[in-house]
Amino acid sequence: MSVFTYSFRPGFFTREQFYRLDADALVQTKPGPPRRIDYRDITQIDFHQYRVRGASGARRALNWRCTIHSRSAPTIRLLPVHALGFRAKEDRSVTYLPFLSELQERVRASNQEVIIRSDERWSLASSRAMGRLRGFGATLLIKSLRPIPTDYLANAGGWLARKLGPFTSAHKIARNNIAAAYPDTSLAWQNEVLDGMWDHLGRFAVEYVHLDRLWDYEPGKPPGRIAHDPPSIQRMIELHESGKPVLIYSAHLANFELLGVASAAFGVNFAVVYRKLNAGPLVDELFKLRSRLWGAPILLEHSRDTSFQMLDALKGGTSLAMLVDQYHPGGVDVTFFGRRCKANPSLAKLARQFELPIHGARVVRLPGHRFRTEFTEPIEPARDPDGKINVQGTMQTITSQIESWVREHPEQWLWAHRRWR
């Protein structure tokens with residue numbers, strides 16, 4: 001069993017605390033003599049969301065504070081930040097999140113009655129309310145744009161994004177990422193890619209309004225908006241007929257929402273891991289839209305329990321799809337465009353556990369308001385000397401595939417995400 005450790009200093013006037021996960025207990029090794037808390041004695045684990053306030057050494061973002069209650073020991077509180085000095089804090093989420101995830105799994109295995117809950121501080125109520133208000137406005141906008149012709153609306157969305165995008169903070173992030181990924185290219189070429197990215201994002205945003213009208217593929221009929229890719233179609237048909245689950249990875253390329261529509265069109269039963277937006281009405285509207293177009297997918301909201309939900313889906317014979325091209329705290333090290341970054345290892349871990357095939361899927365935006373969906377052959381995962389799938393090596397294989405996709409159409413990828421940190 002792997003050894004998991006975590007340490008942090010709660011405040012400037014306190015000593016650093018060290019913790020270790022043993023096979024049967026959570027152990028506080030320092031300060032003072034070791035203190036053991038058996039997993040079966042842990043009755044409740046609480047997560048409270050709060051803002052890190054301090055110097056620039058720590059990110060000013062939402063984090064989860066963990067409180068552990070047990071029958072035989074005092075309450076333990078774990079924080080994702082380490083106090084370096086007065087008002088100077090270090091973000092330790094990279095080790096904190098995997099530590100908590102493993103702790104939950106071991107406690108659940110030892111005590112089925114443990115209570116794990118999360119809540120938010122009242123200080124976040126205003127931001128949540130503003131999110132719901134923005135979501136309500138976005139929902140009204142989607143419904144009001146519905147009568148506008150699809151192509152005209154996409155052109156207008158692309159034009160508007162190209163005009164407004166450069167005034168956002170994401171513009172600088174995207175510019176720096178493109179320059180770092182393509183150091184030998186001219187500034188004019190980089191600006192062209194950046195402009196194309198905003199055009200794509202604008203089109204993608206308004207295409208939600210007509211998502212059900214974009215998919216017009218019908219077997220035996222001439223291609224419409226969806227270009228034929230016979231090998232991909234055959235693989236999807238074979239996957240449906242086999243009835244066996246597979247793992248599917250994709251990236252934020254073109255209108256990736258069409259992948260769900262394509263899977264449903266070929267009868268593939270799948271589950272999707274997604275991040276919930278802070279915009280209540282919009283989330284509800286998108287959920288209804290995806291449920292209608294994707295058939296009956298299993299939508300797994302990204303949370304601390306997602307790993308258990310993914311396991312349940314696969315055990316039930318459901319394929320699992322994930323976007324794996326963004327930064328993941330606590331992920332494995334991979335190289336992307338020659339630079340080190342963190343990748344979500346979940347797919348490779350599941351492949352290792354169940355020996356499932358891993359397929360890639362992507363959407364390519366074509367001229368004339370058309371698209372092509374592609375479903376690849378299974379990748380060849382990296383393996384350890386004993387034949388078991390190697391998680392880091394397999395995620396590097398997947399990341400390299402995604403890099404090749406981005407290089408084909410760099411303007412269609414989401415450069416505005418902080419992939420390298």
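Just so you know, residue 1 is the first one in the sequence shown, and it goes up from there.
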**OP:** Drop me the distance from Gln412's CD to His200's NE2, to the nearest 0.5 angstrom.
**Re:** 6.5 Å

Subject >> Pair Leu320-Leu347, side chain to side chain contact (heavy atoms under 4.5 Å, CB included): steps then yes or no >> reply: CA-CA 9 Å; Leu320 180 69; Leu347 280 186; 4.3 Å; yes

Original post:
Should Asp46 and His69 be marked as a side chain to side chain contact (heavy atoms under 4.5 Å, CB included) after you check the CA-CA gap, both sets of side-chain angles, and the distance that decides it?
Top reply: CA-CA 8 Å; Asp46 294 333; His69 306 271; 3.2 Å; yes

Original post:
Are the charged groups of Glu355 and Lys244 less than 4.0 angstrom apart, N to O?
Top reply: no

Original post:
Can you find a side-chain donor-acceptor pair between Thr399 and Glu403 that sits under 3.5 Å?
Top reply: no

Subject >> Ser7 side chain to Phe18 backbone, donor-acceptor under 3.5 Å >> reply: no

Original post:
What is the distance from atom CZ of Phe4 to atom OG1 of Thr95, rounded to the nearest 0.5 Å?
Top reply: 11.0 Å

**OP:** Report yes or no: does Asn390 contribute a side-chain atom to a donor-acceptor pair with the main-chain N or O of Gln392 at less than 3.5 Å?
**Re:** yes

Original post:
Below 4.0 angstrom, N of the basic side chain to O of the carboxylate: do Arg235 and Asp229 qualify?
Top reply: no

Original post:
When rounded to the nearest 0.5 angstrom, what is the spacing between CH2 in Trp415 and NE2 in His252?
Top reply: 14.5 Å

**OP:** Taking Arg372 for its side chain and Val364 for its backbone only, find out whether a donor-acceptor pair lies under 3.5 Å.
**Re:** no

Original post:
Are more than 12 heavy atoms from other residues, nucleotides or ligands located less than 6.0 Å from atom CD of Glu192?
Top reply: no

Original post:
Would you say Tyr19's side chain and Val27's backbone share a donor-acceptor pair under 3.5 angstrom?
Top reply: no

Original post:
Do the side chain of Tyr249 and the main chain of Asp325 share a donor and acceptor less than 3.5 angstrom apart?
Top reply: no

Original post:
Mind checking whether Leu247 and Leu314 have side chains closer than 4.5 Å, heavy atoms only?
Top reply: yes

Subject >> Contact check, side chains of Arg365 and Arg203, non-hydrogen atoms, under 4.5 Å >> reply: yes

Original post:
Can you find a pair of side-chain heavy atoms, one from Leu356 and one from Leu350, that are under 4.5 Å apart?
Top reply: no

Subject >> Leu78 vs Arg65 side-chain heavy atoms within contact, under 4.5 Å >> reply: no

Subject >> Contact summary for Ala251 and Phe256, nearest pair of heavy atoms >> reply: O-CB, 3.7 Å

**OP:** Might you work through the side chain to side chain contact (heavy atoms under 4.5 Å, CB included) test for Thr373 and Trp215, ending with a clear yes or no?
**Re:** CA-CA 10 Å; Thr373 58; Trp215 181 265; 4.1 Å; yes

Original post:
Does atom CZ of Arg407 have more than 12 heavy-atom neighbours, drawn from other residues, nucleotides or ligands, at distances under 6.0 Å?
Top reply: yes

Subject >> side chain to side chain contact (heavy atoms under 4.5 Å, CB included) evaluation trace for Thr150 with Arg225 >> reply: CA-CA 11 Å; Thr150 304; Arg225 290 188 183 276; 3.9 Å; yes

Subject >> Aromatic ring proximity, centroids under 6.0 angstrom, Phe266 and Tyr217 >> reply: yes

Original post:
Is the count of non-hydrogen atoms from other residues, nucleotides or ligands lying under 6.0 Å from Arg40 atom CZ greater than 12?
Top reply: no

Original post:
Going by heavy atoms in the side chains, are Leu311 and Phe354 under 4.5 Å from each other?
Top reply: yes

**OP:** Using atom types as modelled and distance alone, determine if a side-chain donor or acceptor of Arg339 lies under 3.5 Å from a backbone N or O of Ala180.
**Re:** no

Original post:
Mind checking whether Asp216 and Ile226 have side chains closer than 4.5 Å, heavy atoms only?
Top reply: yes

**OP:** May I ask you to decide if Ala361's main-chain N or O and Ser250's side chain share a donor-acceptor pair within less than 3.5 Å?
**Re:** yes

Original post:
Mind checking whether Phe337 and Trp413 have ring centres under 6.0 Å apart?
Top reply: no

Original post:
So, Lys388 and Asp386, do they make that salt bridge, N to O below 4.0 Å?
Top reply: no

Original post:
Is it the case that Asn177 and Arg418 place a side-chain donor and acceptor less than 3.5 Å from each other?
Top reply: no

**OP:** Kindly say whether Lys342 contributes a backbone atom to a donor-acceptor pair with the side chain of Arg419 at under 3.5 angstrom?
**Re:** yes

Original post:
So, do Thr376 and Glu374 sit near enough that their side-chain heavy atoms are less than 4.5 Å apart?
Top reply: no

Original post:
Salt-bridged, Arg92 to Glu16, with N to O below 4.0 Å?
Top reply: yes

Original post:
Quick one: CG on Leu201 to CZ on Arg162, what's the gap to the nearest 0.5 Å?
Top reply: 12.0 Å

Original post:
When rounded to the nearest 0.5 angstrom, what is the spacing between CZ in Arg370 and CG in Leu214?
Top reply: 12.5 Å

**OP:** Quick one: closest heavy-atom pair of Gln112 and Arg108, and the distance?
**Re:** NE2-O, 3.0 Å

Subject >> Main-chain N/O of Thr335 paired with Gln396 side-chain donor or acceptor, under 3.5 Å >> reply: yes

Subject >> N-O pairing of Asp41 and Arg36 below 4.0 Å >> reply: no

Original post:
Are side-chain heavy atoms of Arg9 and Glu90 found at a separation under 4.5 Å?
Top reply: no

Original post:
Is there a donor-acceptor pair closer than 3.5 Å between any side-chain N or O of Ser70 and the backbone N or O of Ile42?
Top reply: no

Original post:
Taking atom CD of Gln234 and atom CG of Leu239, what is their separation to the nearest 0.5 Å?
Top reply: 11.5 Å

Original post:
Would you say Trp189 has more than 12 foreign heavy atoms packed within less than 6.0 Å of its CH2?
Top reply: yes

